[in-house]
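Take a look at the structure set out below.
We count ligands from 1, going down the list as the structure has it; atoms in each ligand are counted the same way.
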Amino acid sequence: MRFSGKTRVYGVIGDPIEHSLSPAMHNAAFQATEMDCVFLAFRVRFDAVQNALRGMRGLEICGLNVTMPHKETVISWLDAVEENAKTLGSVNTILNDSGKLRGYSTDGFGALNALKANGADPSGKKVLLLGAGGAAKAIAFALGDEVNELILLNRTIQKTIHLLNVLQGKFGKKVNAGSLSIDSLQRNLQNTDILINATSVGMSPKSELSLVNSELIRKNMVVMDLVYNPLETELVKNAKAKGAKVVSGLEMLIYQGAASFEIWTGKAAPIEVMRKAALKQLKKVGNS
Ligand code: ATR
């Protein structure tokens, strides 16, 4: 048993939470950096968020990740929220700073760093982003300054228009959007450099689904699928078959986790260790 009376506690709150890869990833990181810390998963029901954060203060839990469905609601109970998380209206990382709970969002940063680290820097590129939910929004904000053009396609048009207005307000007319259809996909994919699926389509158990017909994928394209269960989604399989570069959704999870680790500890995250632990855990819980 490596824990003691001095062990510092970290964790993740969400519901459901039992399949979270974060405990495996962060405990491996703490061990590799020889930190006397432990990371646990806490199931927190929708109406118990305030109590959970009272517990964080009372028990002096040092840091928490926040996942579905609490990323928005948690904001009401924090003492401070950094600018990017405020803009997104979403917090995935809380730091207990001597009793002051500070909220951050590392999701967009995670996606951007995952692309860069995998040789797919979006600077000056055309990016086609599928989806207009929380994940898509975080990515759009992180990529907005870097890209040459950003196109958003989403099934529900009202949501798309709302997000487009916010993004154009910040990044101008290089951001555009439309409804998700065979036509709009075909038109936009012709000159897209990076395609990102930020919808839940392709996730297990409906893993045979993909929004993008394999004929539309080109060899000189990067394809990132945020879905990582299964790791080889239909979209990823098709992209690989076409010889396109693939960045898995697990990479985004790893890099957002690494950013949380750095906020909590002030130390560089051991990326390779975290990747190995996340992959191992995904293989264990993936299809259960
Ligand atoms: P997250 O926070 O993970 O982004 P979310 O906010 O629920 O989750 O967003 C899910 C995204 O997947 C949305 O863009 C959703 O499209 P709608 O806005 O039309 O709901 C998209 N999505 C889910 N199922 C889909 C499907 N079968 N076809 C197309 N898009 C789908």
Side-chain angles (χ1 to χ4, degrees), residues 12-17 19-22 44 46 49 65-75 84-85 87-93 103-112 114 127-144 150-167 175-186 188-189 195-214 216 223-230 233-236 238 247-257 260:
V12 55
I13 58 169
D15 187 17
I17 202 66
H19 288 182
S20 171
L21 304 181
S22 296
V44 172
F46 195 75
V49 176
N65 272 149
V66 183
T67 187
M68 287 254 295
H70 305 317
K71 287 185 181 188
E72 288 93 25
T73 40
V74 87
I75 291 178
N84 171 47
T87 310
L88 297 174
S90 166
V91 158
N92 79 332
T93 303
Y104 303 82
S105 174
T106 67
D107 283 336
F109 188 69
L112 179 60
V127 175
L128 181 62
L129 183 56
L130 309 182
K137 189 175 177 186
I139 292 174
F141 270 93
L143 268 56
L150 177 64
I151 309 290
L152 240 95
L153 296 179
N154 191 53
R155 180 181 58 179
T156 309
I157 196 70
Q158 297 94 306
K159 224 157 120 185
T160 322
I161 290 169
H162 177 72
L163 181 54
L164 177 65
N165 286 335
V166 180
L167 289 168
V175 186
N176 240 306
S179 61
L180 185 62
S181 67
I182 295 172
D183 268 6
S184 64
L185 279 168
Q186 196 160 16
N188 280 291
L189 276 167
L195 166 69
I196 304 175
N197 175 39
T199 75
S200 45
V201 177
M203 195 181 286
S204 176
K206 292 189 177 169
S207 52
E208 73 287 357
L209 298 180
S210 168
L211 290 172
V212 183
N213 194 317
S214 109
L216 299 177
V223 175
M224 183 181 200
D225 195 344
L226 262 50
V227 174
Y228 58 80
N229 186 18
T233 59
E234 191 63 20
L235 175 61
V236 165
N238 291 337
V247 181
S248 94
L250 197 65
E251 289 295 298
M252 172 169 164
L253 181 87
I254 291 160
Y255 280 92
Q256 65 78 27
S260 299

Donor-acceptor pair between Thr106 and Asn92 side chains, under 3.5 angstrom: yes
Name the closest protein heavy atom to [atom], giving the residue it belongs to and the distance to 0.1 Å.
atom: atom 17 (P) of ligand 1; answer: Thr156 OG1, 3.3 Å
atom: atom 5 (P) of ligand 1; answer: Gly133 CA, 4.0 Å
atom: atom 21 (C) of ligand 1; answer: Thr199 CB, 3.6 Å
atom: atom 14 (O) of ligand 1; answer: Asn154 OD1, 2.8 Å
atom: atom 23 (C) of ligand 1; answer: Ser200 OG, 3.3 Å

At under 4.0 Å between heavy atoms, which part of Val201 makes contact with ligand 1: side chain, backbone, both or neither? side chain
Using a cut-off of 6.0 Å, state whether more than 12 heavy atoms not belonging to Phe109 lie near its atom CZ.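 Count not over threshold, so no.
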Is the count of non-hydrogen atoms from other residues, nucleotides or ligands lying under 6.0 Å from Ile157 atom CD1 greater than 12?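 Correct, the count exceeds 12.
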Counting from 1, what ligand 1 atoms have a heavy atom of Ala135 closer than 4.0 Å? 1 (P), 2 (O), 4 (O)
Which atoms from ligand 1 have a heavy atom of Gly134 less than 4.0 Å away? 1 (P), 2 (O), 4 (O), 6 (O)
Lys159 N/O under 3.5 Å from ligand 1 N/O: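 N/O-N/O distance below 3.5 Å exists for this pair.
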Does Gly131, backbone or side chain, put an N or O under 3.5 Å from an N or O of ligand 1? no
Are any non-hydrogen side-chain atoms of Leu163 and Asn154 less than 4.5 angstrom apart?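 Heavy-atom side-chain distance check fails, nothing below 4.5 Å.
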Quick test of your reading of the structure: of Lys71, Arg155, Met68, whose heavy atom lies closest to atom 24 (N) of ligand 1? Arg155
From Thr233 OG1 over to Asp225 CG, what is the distance, rounded to the nearest 0.5 angstrom?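 Between atom OG1 of Thr233 and atom CG of Asp225 there are 3.5 Å.
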Rounded to the nearest 0.5 Å, what separation is found between the CG atom of Leu129 and the CG atom of Leu226? 8.5 Å
Residues two or more places apart in sequence or in another chain: which of them pass side chain to side chain contact (heavy atoms under 4.5 Å, CB included) with Asn165?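 Per chain and number, Asn165 pairs via side chain to side chain contact (heavy atoms under 4.5 Å, CB included) with Ile161.
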Hey, is atom 10 (C) of ligand 1 touched by any protein heavy atom at less than 4.0 Å? no
Counting only heavy atoms on the protein side, is anything nearer than 4.0 Å to atom 7 (O) of ligand 1?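 False for atom 7 (O) of ligand 1.
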Distance-minimising heavy-atom pair for Ser105 and Ser90: CB-O, 3.4 Å
Reference residue Leu189; test side-chain contact (heavy atoms from CB on, under 4.5 Å); the match among Asn213, Ile151, Leu128: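 For Leu189, the side-chain contact (heavy atoms from CB on, under 4.5 Å) test succeeds with only one of Asn213, Ile151, Leu128, which is Leu128.
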